Amino acid sequence: MLFSKLFGKTLKEKPTDTEVSSHALMERAGLISQVVSGVYSYLPMAWNSLLRIESIIREEMNTIGSQELHLPVLQPAELWDSTGRKDLFGQNLFTLEDRRNRTLVLAPTHEEVLTSLVAANVQSYKDLPFILYQIQTKFRDEERPRGGLLRCREFHMKDAYSFASNSDQLDSAYEDMIQAYNNIFDRCGLSTVMVEADSGAIGGKDSHEFIALSNIGEDSIAICTSCKYGANVERAEFVKPVNSGNSSNATPEEVHTPGITDINALSSFLNVSKSDLLKSMFYLADGKLIVVVLEGDYEVNEIKLRNTLNIKDLAIASDSLIRSAGFIPGFASPVGDHKDVTVVVDDSVIENKNYVVGANKVDYHLKNVQYGRDFKKTTVSIEIGSDLALVKDGDLCLHCNSKLKIEKGIEIGHVFKLGTAYSEKLNAYFVGADGVRQPIIMGCYGIGVGRILSASIEQNHDPNGIIFPKLIAPYDVSLLGLNVEQEDVKNEADSLYELLTSSGANVLYDDRIESPGVKFNDADLIGLPIRLVVSARNIDQGVIEVKKRSDSDAVKISKDEVVKYVTDLL
RNA sequence: CGGGGUGUGGCGCAGCGGGAGCGCGCCUGUUUUGGGAACAGGAGGUCGUCGGUUCAAUCCCGACCACCCCGACCA
């Protein structure tokens, strides 16, 4: 490719509306251009990269025996009603009407269409198992798109679905997929970790996310510093120490605590550790007031809370609501008789004794309070020992007791064992060897193609620009002709371009009449893996200068050997 | 959905009740040539939209829209 013909201009300055570096660099290097919030045009260089990423994905998907197909974006809304996901996606679902006033949706994902397609094509266990996948544009009306290609409203995603007649087949597809994902991210130059994930409202049992570590990421994960455990903080579990303190059965006693309304103040006022205090958090859950009780050094994990109680709408309760239920904010606790309130207790509270809790009376707390005797969980059918606490940095790993570390990252892949939730709703059944009709067991597996590009740039850049991993770079080589107005430079650069191109390299040849500084800076900004310099000075020495974008120094290679040298690096 | 910010040429920005400007980029010419060259000349803008105030609005007032950030939310 001749730089003089390349569509897409580089910019000297960072565009105003870009905050994260990958986004700014992609705009500056002329890779993408925003059309509206969360929607981008991919210019030729970005498109080259995305196609290379897609072909890596295809290779790895095909290697594990998946078949590619292509499903529509435009889908009838009723299909989404049949699984209840129209409501679940809610505002995030783009909907439109056709000329006959039929409501259609722009698909945010494809479980529904594919499962109904499969339902019509699978009758017997002999038809199973198999994996289907596609790379498709998806639409989600995100409330807050951000970070360029990191969170878009229109984006490319690879989605794969496995269909099995028994759980061994599902497990095996899941394992194959994990292996394929690791290969894909590896080849794309990404450093990722696989962690346990929350499987959400219609999820199955197992679910893992692939996270590209990055401090601009929107996901937080807890990783064990010693063993292999890692989980999204949404579901991360950790050791909750049992207090060794006194285990006497002292009776509750009021303590005067004037103006002490929060855990930190109470802890220092009474000179007891926060884990000896109980925190009562009030929520409005699907219209009902609930109080979550946990030790003072923990925060409520709202995802765990939602999952445990199967809550759809969850919000912090207002002070007025708390008061009207007979509690005093700041001095509230579940101790006492509270008919209309559901009490939910974190498992850390079950074993320990002699907590300090609010007295439901202004300026007073109670000490020597214990679960079971002085208050208990009410009504709801949760098992004792529900874990409702949010992991924090330094908590201990349940598996090896080492410290957990909290990291941020970008979710670039997600795998789920869906089970039979979709096949039951969409009537995708098969007849087993025993003659019994049963639902197909499913898994689903997504990868954000644009997110791979963004995350990869996020992990691979320096102050001068992008440092493209070699397998996903838009071109392999930047060939700079310095002062190509000089005939010998132009001839030399032209012929090197021909030689490299014919030996299989994808070369971006900077043939522009521009000063050397401009060319060096653009080459750094675009960040192709290898840079070659042809100049009068180098011609005199009979060499071509070769520099890897990731290295700081260049090497001089003789003209005759440079093509081999470069193609060996590819 | 709450809070904050910004809308002026392709990009980055300044400005101001009465001539729409600067830097970068772009075009032409001359000189230059290894890390964003110099000089000269030139093209390019309904100042986000609508309404109001005023003799006069890019500027003041109001509404709306768009975009960005923080939070909430998010298989």
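Just so it is clear, the structure is predicted and the values come from calculations on it, not from any experiment. Protein chains get the first letters and strands the later ones, always in sequence-line order, with residue 1 at the start of each. The analysis underlying the following values was restricted to heavy atoms, covering all of them including side chains, and did not include hydrogens, waters or symmetry mates.
Closest approach to the A:Arg146 side chain among B:rG36, B:rC69, B:rA75 is made by B:rC69 (side chain taken as heavy atoms from C-beta onward). The nucleotide whose nearest atom lies closest to any side-chain atom of A:Phe416 is, among B:rA75, B:rG34, B:rC74, B:rA75. Closest to the A:Lys12 side chain, of the nucleotides B:rC24, B:rA37, B:rC26, is B:rC24. Closest to the side chain of A:Glu143, from the set B:rU33, B:rC73, B:rA75, is B:rC73. Of the candidates B:rG36, B:rG34, B:rA75, the closest approach to any side-chain atom of A:Met157 belongs to B:rA75.
Taking atom P on both nucleotides, B:rC47 is separated from B:rA40 by 31 Å, rounded to a whole Å.
Using a 4.0 Å cut-off, some side-chain N or O of A:Arg306 falls inside it from OP1 or OP2 of B:rC74. For B:rG12, the OP1/OP2 oxygens have a side-chain nitrogen or oxygen of A:Thr16 closer than 4.0 Å.
Position along RNA chain B of the nearest nucleotide to A:Thr10 versus A:Glu485 favours A:Glu485 as the more 5'-ward residue.
Within the nucleic acid shown, A:Asn521 comes within 4.0 Å of at least one base atom, counting heavy atoms only. Within the 4.0 angstrom heavy-atom criterion, no nucleotide atom of any strand lies near A:Glu218. A:Thr109 comes within 4.0 angstrom of a base, heavy atoms only. Residue-level contact check: A:Gln486 touches neither bases nor backbone, having no heavy atom under 4.0 Å from any strand.
In summary, A:Lys547 and A:Asp553 do not engage in a salt bridge, as defined by a charged side-chain N under 4.0 Å from a carboxylate O.
Around atom NZ of A:Lys14, more than 12 heavy atoms belonging to other residues, nucleotides or ligands sit under 6.0 Å away.
Put simply, CG on A:Asp159 and NE2 on A:His110 are 6.5 Å apart, with the number rounded to the nearest 0.5 Å.
In this structure, A:Lys417 is positioned above the aromatic face of A:Tyr174, its NZ or CZ under 6.0 Å from the six-membered ring centre and within 45° of the axis.
For B:rC74, the base has a donor-acceptor partner in the side chain of A:Arg151 [N/O atoms by modelled type, under 3.5 angstrom].
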